[in-house]
Amino acid sequence: MKKVLIISTSLRSGSNSEILAKEAARGALDAKNDVEFISLKDKDIRFCKGCLACQVNHKCVIKDDMETLINKVKEAEIIIYATPIYYYEMSGLMKTFLDRCNPLYGLDNRFKDIYLIATCADENKEALDRAINGLGGWIECFEGVAFKGAVYGVGINDAKDASNHGGTMQEAYSLGKNV
């Protein structure tokens, strides 16, 4: 049994990326993993100040919901991020979240495998490349951590449309089932 953390970074309830993330959670649960699903949409997550105090004491000086979230990230073995693609990049909330995980740098974290679920209106998989590269930059800061794969939710434009894309839903479920 693995400890799987799934983080939805969309600001919309029931967004397409969240629909796929929940399908991945269902797969991970069916595989008998310990799964926690978190949506960041109602969390108080402020921007990093760049003070780098966290590099010394491994705690952020900003008092918001990130303290609890960082502990969840630190204890997870597998992390699945889910994001809508805006202007060919991850959501701003996801980028802010990754920036605020800076207190984890240099620690002995449990997470080793990182996955991405992303949705966009564009029909081409290449529309997700910048988001994958951005996540890859974060991953490179942690020793022994690797990007293990993505679900490319392309051609998904309308609200709550992901559930109409059976192949993509199956890919999300399989990702969760096989982490």
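Residue indices begin at 1 and follow the sequence shown.
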Residues forming a side chain to side chain donor-acceptor pair (under 3.5 Å) with Gln170, sequence neighbours excluded: Ser174
Drop me the distance from Thr9's OG1 to Lys41's NZ, to the nearest 0.5 angstrom. 11.0 Å
Please tell me if the side chains of Leu104 and His58 come closer than 4.5 Å, counting only heavy atoms from C-beta onward. no
Non-neighbouring partners of Asp64 that pass side-chain contact (heavy atoms from CB on, under 4.5 Å), sequence neighbours left out: Asp44, Arg46, Ile62, Met66, Arg100
side-chain contact (heavy atoms from CB on, under 4.5 Å) filter on Asn33, not counting sequence neighbours, yields Lys2, Val4, Ala28, Ala31, Val35, Val179
Is Lys63 atom NZ crowded by more than 12 heavy atoms from other residues, nucleotides or ligands, each under 6.0 Å away? yes
Please report the interatomic distance OG(Ser17) to CD1(Ile117), rounded to the nearest 0.5 Å. 8.5 Å
From Ile114 atom CD1 to Phe147 atom CZ, the distance as rounded to the nearest 0.5 Å: 9.5 Å
Strictly by side chain to side chain donor-acceptor pair (under 3.5 Å), give each pair with a member in residues 119-129 just once, sequence neighbours left out. Tyr88-Asp122, Asp122-Asn124
Are there over 12 heavy-atom neighbours, none belonging to Lys112, within less than 6.0 Å of that residue's NZ? yes
In chain order, what residues pass the side-chain contact (heavy atoms from CB on, under 4.5 Å) check against Ala118, with sequence neighbours excluded? Thr83, Ile85, Leu116, Leu128
Under the salt bridge (Lys or Arg N to Asp or Glu O under 4.0 Å) definition, can you give me all pairs with a residue in residues 71-99, not counting sequence neighbours? Glu36-Lys72, Glu77-Arg110, Lys95-Asp99
So Glu67 and Lys59, do their side chains get closer than 4.5 Å, heavy atoms only? yes
How far apart are the C-alpha atoms of Lys177 and Asp30, what are their side-chain angles, what is the distance that settles it, and do they pass the salt bridge (charged side-chain N to carboxylate O under 4.0 Å, His left out) test? CA-CA 7 Å; Lys177 182 100 172 157; Asp30 285 353; 5.3 Å; no
Output for pair (Ser163 OG, Asn16 CG), nearest 0.5 Å, gives 8.0 Å
Test of understanding: with ring pair (Phe, Tyr, Trp, His ring centres under 6.0 Å), list the residues that count as partners of Phe142, not counting sequence neighbours. Phe111, Trp138
Residue set satisfying side-chain contact (heavy atoms from CB on, under 4.5 Å) with Cys51, at least two apart, ordered chain then number -> Ala53, Val61
Distance in Å, Asn109 CG paired with Glu143 CD, rounded so as to fall on 0.5 Å steps: 11.0 Å
Salt bridge (charged side-chain N to carboxylate O under 4.0 Å, His left out) filter on Lys43, not counting sequence neighbours, yields none
Cluster companions of Tyr173 among Ile, Leu, Val, Met, Phe, Trp, Tyr (side-chain spacing under 4.5 Å): none
What's in the same ILVMFWY side-chain cluster as Tyr86, cut-off under 4.5 Å, chained through other members? Tyr87
Give every donor-acceptor pair under 3.5 Å between a side-chain atom in residues 152-160 and any protein atom, sequence neighbours left out.
none

